[in-house]
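Heavy atoms only: backbone and side chains are in, while hydrogens, waters and symmetry mates are out.
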Amino acid sequence: MSINKQVLVTGGAGFIGSHLIDRLIADGTDVLCVDNFYTGTKPNIYHLANNVHFELIRHDVTFPLYVEVDAIFNLACPASPVHYQHDPIQTTKTSVHGAINLLGLAKRLKCPILQASTSEVYGDPKVNPQREDYWGNVNPIGPRSCYDEGKRCAETLFFDYHRQTGLDVKVARIFNTYGPRMHPNDGRVVSNFIVQALKGEPITLFGDGMQTRSFCYVSDLVDALVRFMAAGPGCHGPMNLGNPVEITIRELAERIVEMTGSQSEIVYRPLPQDDPMQRRPDISLAKRELDWAPSVALEEGLGKTISYFDGLLSGPDAGSAQAAR
């Protein structure tokens with residue numbers, strides 16, 4: 001499915017962004033990738049360096065961007081607690097100033113713009129599964145607030161631009177996504193467990209491990225983003241995108257230990273502040289509006305992700321990959 005002639009993807013050297021670019025180029029779209037490489041990495045896009053449909057600009061979205069494109073995917077923001085808590089003020093700036101700059105660009109170009117929002121806008125939810133009409137339970141002054149509230153403010157800006165200017169906006173609330181090209185030290189549960197298991201280190205669980213998550217393989221998520229952008233000017237969201245199959249963190253750890261054949265033991269640590277106990281999307285809206293639902297089973301996706309990290313940790317760049325923040 002070709003969306004438009006020229007598409008801008010901010011955060012394009014990141015985990016999800018690089019997979020999205022692969023899909024867009026495969027669909028016949030020219031892609032302009034923008035990234036400041038704060039968490040994105042060049043190896044994620046090395047394979048595109050000589051592709052005539054790919055162009056790269058090193059740029060921080062907290063500053064205005066002057067380009068000519070037909071559609072915008074805004075994926076620019078650190079997305080793991082380790083990274084977004086490292087410089088929380090910059091994280092909020094990226095979400096808010098970045099949204100303002102890119103919405104201004106979309107307004108000038110009169111083009112559709114998709115915001116990669118997050119399930120974190122629901123905070124530590126009191127309802128399960130979470131539907132788009134749930135307003136959430138978010139701590140506005142906690143250590144995760146830079147990301148949670150930054151993304152909530154970005155959603156506000158997107159819908160205010162839509163109401164005030166008629167801009168075609170699309171807000172995707174992305175739930176836990178995993179797959180190849182995740183950063184080995186990003187602190188996310190899937191990458192953490194796989195790296196620890198492959199290295200024979202203790203598997204670190206926070207709390208009692210009974211908190212739940214639902215995990216969507218990256219190709220499924222990318223398919224949803226492409227469908228959302230192509231859905232037309234009447235489809236704005238916010239829309240949950242994720243896998244509704246729920247699993248406890250302890251079950252996930254046990255499954256990864258089994259699949260890797262690791263001898264790692266499971267150890268428990270105190271639960272971080274504001275860490276949600278449940279996270280599971282209601283994707284009824286996505287099914288209805290996009291005719292979309294995840295198709296990659298957890299075991300299949302974990303197998304591909306384990307193979308990626310196994311190669312990364314045993315390859316010639318293993319030392320630099322593990323040392324990279």
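Side-chain contact between His59 and Asn36 is absent, with no heavy-atom pair separated by less than 4.5 Å. At least one side-chain heavy atom of Glu254 sits less than 4.5 Å from a side-chain heavy atom of Ile266. Looking at heavy atoms from C-beta onward, Met259 lies in side-chain contact with Ile306 at the 4.5 angstrom threshold. At least one side-chain heavy atom of Glu149 sits less than 4.5 Å from a side-chain heavy atom of Val138. Side-chain atoms of Ile57 and Val67, non-hydrogen and from C-beta on, do get closer than 4.5 Å to each other. Proximity of Arg181 to His19: side-chain heavy atoms (C-beta onward) are separated by under 4.5 Å at one or more points. Taking the side chain as every heavy atom from C-beta outward, Leu109 and Asp70 never approach each other to under 4.5 Å. Side-chain contact check for Phe73 versus Leu8: every heavy-atom pair is 4.5 Å or farther apart.
Dense packing is recorded around CZ of Arg58, with more than 12 heavy atoms of other residues, nucleotides or ligands lying under 6.0 Å away. For CG of Asp133, the number of neighbouring non-hydrogen atoms (other residues, nucleotides, ligands) closer than 6.0 Å is greater than 12.
Side chain of Lys126 to main chain of Gly136: no donor-acceptor pair is present (N/O by atom type, distance under 3.5 Å, no hydrogens or angles). Remark: side-chain polar atoms of His97 are not paired, donor with acceptor, to backbone N or O of Thr92 under 3.5 angstrom. Put simply, the side chain of Thr165 never gets that close to the backbone of His162: no donor and acceptor are under 3.5 Å apart. At least one donor-acceptor pair under 3.5 Å links the side chain of His236 to the backbone N or O of Val169.
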Before giving the answer on side-chain contact (heavy atoms from CB on, under 4.5 Å), spell out for Ser214 and Asn176 the whole-Å C-alpha distance, their side-chain angles and the decisive distance to 0.1 Å. CA-CA 6 Å; Ser214 54; Asn176 291 65; 5.8 Å; no
Test log, rule side chain to side chain donor-acceptor pair (under 3.5 Å), inputs Arg279 and Ser119: CA-CA 8 Å; Arg279 190 57 62 73; Ser119 59; 3.0 Å; yes
Given Arg23 and Asp27, is the salt bridge (Lys or Arg N to Asp or Glu O under 4.0 Å) satisfied, shown in steps? CA-CA 6 Å; Arg23 167 64 185 270; Asp27 287 348; 2.8 Å; yes
Residues Ile249, Met210; criterion side-chain contact (heavy atoms from CB on, under 4.5 Å); working and verdict: CA-CA 6 Å; Ile249 298 301; Met210 297 310 293; over 6 Å; no
Would Glu120 and Arg144 count as a salt bridge (Lys or Arg N to Asp or Glu O under 4.0 Å) here? Give the steps. CA-CA 9 Å; Glu120 297 291 337; Arg144 301 171 69 104; 3.0 Å; yes
side-chain contact (heavy atoms from CB on, under 4.5 Å) between Val121 and Glu155, intermediate numbers included: CA-CA 9 Å; Val121 300; Glu155 288 196 10; 3.8 Å; yes
Can Glu246 and Asn128 be said to form a side chain to side chain donor-acceptor pair (under 3.5 Å), step by step? CA-CA 10 Å; Glu246 199 170 16; Asn128 195 50; 3.2 Å; yes
Stepwise, does the side chain to side chain donor-acceptor pair (under 3.5 Å) test hold for Gln115 with Asn74? CA-CA 5 Å; Gln115 165 71 359; Asn74 181 29; 2.8 Å; yes
Verify salt bridge (Lys or Arg N to Asp or Glu O under 4.0 Å) between Glu258 and Arg255, making sure each step is shown before the conclusion. CA-CA 5 Å; Glu258 180 182 356; Arg255 188 171 301 188; over 6 Å; no
Chi angles and distances behind the salt bridge (Lys or Arg N to Asp or Glu O under 4.0 Å) call for Glu251, Arg213: CA-CA 10 Å; Glu251 288 178 278; Arg213 297 291 186 273; over 6 Å; no
Start with the C-alpha gap between Ser264 and Gln196, add the side-chain angles, then the distance that decides, and say whether side chain to side chain donor-acceptor pair (under 3.5 Å) holds. CA-CA 8 Å; Ser264 295; Gln196 289 170 339; over 6 Å; no
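Linking Ile, Leu, Val, Met, Phe, Trp and Tyr residues whenever their side-chain heavy atoms come within less than 4.5 Å places Val7 and Leu290 in a single cluster. Note on Val296 and Leu298: same hydrophobic cluster, where clusters join Ile, Leu, Val, Met, Phe, Trp and Tyr whose side-chain heavy atoms are under 4.5 Å apart, directly or indirectly. Transitive grouping of hydrophobic side chains (ILVMFWY, heavy atoms separated by less than 4.5 Å) keeps Val61 and Ile45 in distinct clusters.
Tyr122 and Phe175 have tilted rings, their planes meeting at an angle from 30° to 60° on a 0 to 90° scale.
Counted by atom type alone, Asp220 and Ser295 present one or more donor-acceptor pairs between their side chains at under 3.5 Å.
Among the candidates Ile16, Ile21, Ile174, Val34, the single residue satisfying the side-chain contact (heavy atoms from CB on, under 4.5 Å) test with Leu75 is Ile16.
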